[in-house]
Each structure stands twice: as C-alpha cells, then as structure tokens.
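The residues of the chain are indexed from 1 along the displayed sequence.
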Amino acid sequence: KDLQILIKFLKAWKYFHRFNKEGNALARKEIDEIMKLDDKISFAYTFLGFIYLHDIYYGACDSSIVCFGQATEAARRALSLDENNHKAHQLTGYIFLMRKEYENAINEIKRSIDLNPNCADCYLVLGQTYWSSDRAHDALGYINKAFLLNPKPPSNYYNDLGFVYLFTNEYENAIVAFKKAIAIEPNDIFSHLGLTAVYAMSGREKDAKIVGLDVLKIDPTFSIKKFT
C-alpha cells in the first residue's frame with residue numbers, strides 16, 4: 001500500500017505542476033484515491049488544500065468561497081494530524097496571503113522555514129507574499145534563495161521571478177523569466193498571463209495580443225474575473 005500511495009503522490013505532483021485546470025483535476029483524482037487508501041496522511045490534506053486554492057484561480061469552483069473554505073479546512077486537518085508538517089504551515093500562510101493578511105502569512109511561512117530550512121517552495125511563497133504586498137524589492141532575495149535550494153525548479157519559480165521584475169519595472173528581465181516558465185511548462189496559464197501583462201505594460205501591444213490568444217487556447221473559458 002505504501003508504494004501505491006507514493007506512486008499516486010508522484011503522479012499528483014506532476015499533474016499539479018502543469019498549472020492549468022485539467023492538470024489540477026487529475027491531481028485531485030490521485031489525492032482522492034490516496035485518501036481512500038489512508039485518510040490519516042497529513043500531507044495529503046495539505047496537497048488537497050493547494051488544489052482547492054488553485055481551483056479558485058482556474059475558475060473550476062462552483063463557488064470560490066466554498067473552495068476557499070475547503071482549503072482552510074484541509075489546512076486545519078493537516079495540522080491536526082501533524083503540527084510539524086512544514087507544508088501545512090506553508091499552505092496556511094498561502095491562505096492568509098489570499099486573504100491579504102500579509103503579516104500573518106509571513107509568520108506562518110517563516111514557521112514552515114523554521115521546521116524545514118531547506119524548503120525551497122516556502123522561500124518562494126515568502127517572496128510571493130512580499131511582492132503581493134507591494135514590497136517587490138524585498139521579495140527578490142527570498143526567491144533567489146528558493147532557486148538556490150531548487151536549481152531545477154518547476155515553472156512557477158520563474159513566474160514569481162517574472163512578477164517581481166514586472167512590479168519593479170524591469171520588463172526585459174520579466175520577459176526572460178516568463179519565457180523560461182513557458183519553456184518548462186507550455187500550458188502553464190500563469191506564465192502566459194504574466195507575459196501578456198509585461199508586454200502590455202512595456203508598450204508591446206501586438207505581442208500582448210498574441211500571448212493573450214495563447215491563454216484562450218489553454219483555457220477557452222478563461223475570464224480575467226477568475227484572477228481578480
């Protein structure tokens with residue numbers, strides 16, 4: 001059973017990092033099957049919480065409020081099973097980030113780093129919290145630390161780097177970062193949205209429209225309301 005659970009976790013991780021609606025749905029299926037085998041695994045609830053949060057971004061929820069509540073409950077359940085699960089603290093920090101409770105987010109993510117100083121994703125989310133709260137210049141050091149700990153990262157690392165450069169008006173660096181994200185995962189909707197934004201903000205309207213069409217190819221039902 002343990003081997004079966006491990007294989008399902010690996011498959012879920014791969015699907016999740018496609019960073020689109022279809023990949024998220026496939027990841028959810030694997031996590032649901034893991035829970036049928038063993039419903040006392042803290043990390044499974046943590047993973048489920050992140051899936052719920054991403055479903056909000058992808059517009060896959062009938063109600064964003066319901067999905068957010070489910071993510072919150074998943075985080076609570078994960079911590080009840082293992083208070084020292086650093087990923088559960090990272091998830092809790094991300095929930096605070098989405099609620100724009102930035103200091104609470106920072107405290108939770110720093111708790112996750114205390115529990116696991118080598119957690120590259122934790123540093124990445126800490127950086128994301130800083131650039132999301134209009135402190136993009138403070139974010140870069142944490143994101144660079146994430147790259148140091150994970151030198152061959154998934155596409156979302158380059159997305160966060162791209163957004164830092166976008167919000168510090170370093171448009172050429174942002175373009176390079178988002179293109180690297182797309183090279184890693186061609187159907188990552190976040191990187192296409194970031195590249196569209198930086199092209200628009202740098203006056204390259206034609207390029208912005210081309211990449212914007214790619215967003216609709218990835219998700220024909222896309223609406224900017226999903227991401228606001």
Side-chain angles (χ1 to χ4, degrees), residues 13-27 50-51 53-61 64 94 97-98 100 102 120-121 123-228:
W13 194 253
K14 180 180 179 180
Y15 291 140
F16 180 80
H17 283 90
R18 291 180 182 178
F19 293 111
N20 57 46
K21 186 191 303 183
E22 291 73 20
N24 220 43
L26 290 169
F50 279 110
I51 289 170
L53 293 182
H54 279 237
D55 273 343
I56 295 172
Y57 287 126
Y58 302 138
C61 300
S64 295
Y94 202 87
L97 169 59
M98 291 183 69
K100 299 184 179 180
Y102 298 120
D121 286 353
Y123 281 100
L124 187 74
V125 175
L126 187 56
Q128 185 179 354
T129 303
Y130 277 104
W131 67 252
S132 297
S133 57
D134 298 322
R135 291 177 280 181
H137 287 286
D138 296 326
L140 190 57
Y142 294 113
I143 291 174
N144 284 338
K145 177 71 170 181
F147 274 98
L148 183 64
L149 291 169
N150 187 359
K152 292 185 178 180
S155 61
N156 60 312
Y157 281 55
Y158 288 102
N159 285 338
D160 277 299
L161 183 61
F163 281 112
V164 168
Y165 286 135
L166 175 63
F167 293 131
T168 55
N169 300 319
E170 298 179 56
Y171 296 134
E172 290 305 315
N173 286 335
I175 289 168
V176 170
F178 287 126
K179 284 186 174 180
K180 285 183 178 178
I182 292 170
I184 293 170
E185 182 47 69
N187 290 319
D188 178 346
I189 197 166
F190 298 114
S191 53
H192 285 83
L193 289 170
L195 188 56
T196 300
V198 72
Y199 278 145
M201 292 178 69
S202 60
R204 296 172 59 173
E205 297 293 337
K206 183 177 179 180
D207 290 327
K209 289 178 181 178
I210 291 171
V211 181
L213 290 174
D214 289 336
V215 171
L216 293 175
K217 290 178 183 177
I218 295 169
D219 181 3
T221 67
F222 172 79
S223 168
I224 195 64
K225 291 181 180 179
K226 298 177 183 177
F227 291 83
T228 58

Quick one: list whatever passes side chain to side chain contact (heavy atoms under 4.5 Å, CB included) with [X], sequence neighbours left out.
X: D214; result: H192, K217
X: K179; result: I175, L195, Y199
X: A177; result: L161
X: D138; result: Y130, R135

Would you mind reporting whether [Y] and [X] have side-chain heavy atoms less than 4.5 Å apart?
X: S132; Y: Y102; value: yes
X: F190; Y: Y57; value: yes
X: V164; Y: Q128; value: no

So which heavy atom on [X] is nearest to which on [Y], and how close?
X: F16; Y: A27; value: N-CB, 3.9 Å
X: P153; Y: I184; value: O-CD1, 3.7 Å
X: P186; Y: I218; value: O-CD1, 4.1 Å
X: V198; Y: A174; value: CG2-CB, 3.7 Å

[X]: what forms a side chain to side chain donor-acceptor pair (under 3.5 Å) with it, not counting sequence neighbours?
X: D188; value: S155, N159
X: D207; value: R204
X: E185; value: none
X: T168; value: E170

Original post:
Looking at residues at least two apart in the chain, or sitting in another chain, which of them share a salt bridge (Lys or Arg N to Asp or Glu O under 4.0 Å) with K100?
Top reply: none
Subject >> Non-neighbouring partners of D55 that pass salt bridge (Lys or Arg N to Asp or Glu O under 4.0 Å), sequence neighbours left out >> reply: none
**OP:** Report yes or no: does N24 contribute a side-chain atom to a donor-acceptor pair with the main-chain N or O of I51 at less than 3.5 Å?
**Re:** yes
Subject >> Partner of Y157 by ring-ring contact (aromatic ring centres under 6.0 Å, His included), out of F178, F147, F163 >> reply: F147
Original post:
Would you say the ring centroid of H17 lies under 6.0 angstrom from that of Y15?
Top reply: no
**OP:** Compute the centroid of each ring, for Y165 and then for Y171, and state whether the two points are separated by less than 6.0 Å.
**Re:** no
**OP:** Only counting residues at least two apart or in another chain, list the ones meeting ring-ring contact (aromatic ring centres under 6.0 Å, His included) with F167.
**Re:** W131
Subject >> Partners passing ring-ring contact (aromatic ring centres under 6.0 Å, His included) against Y123 (at least two apart in sequence or in another chain) >> reply: none
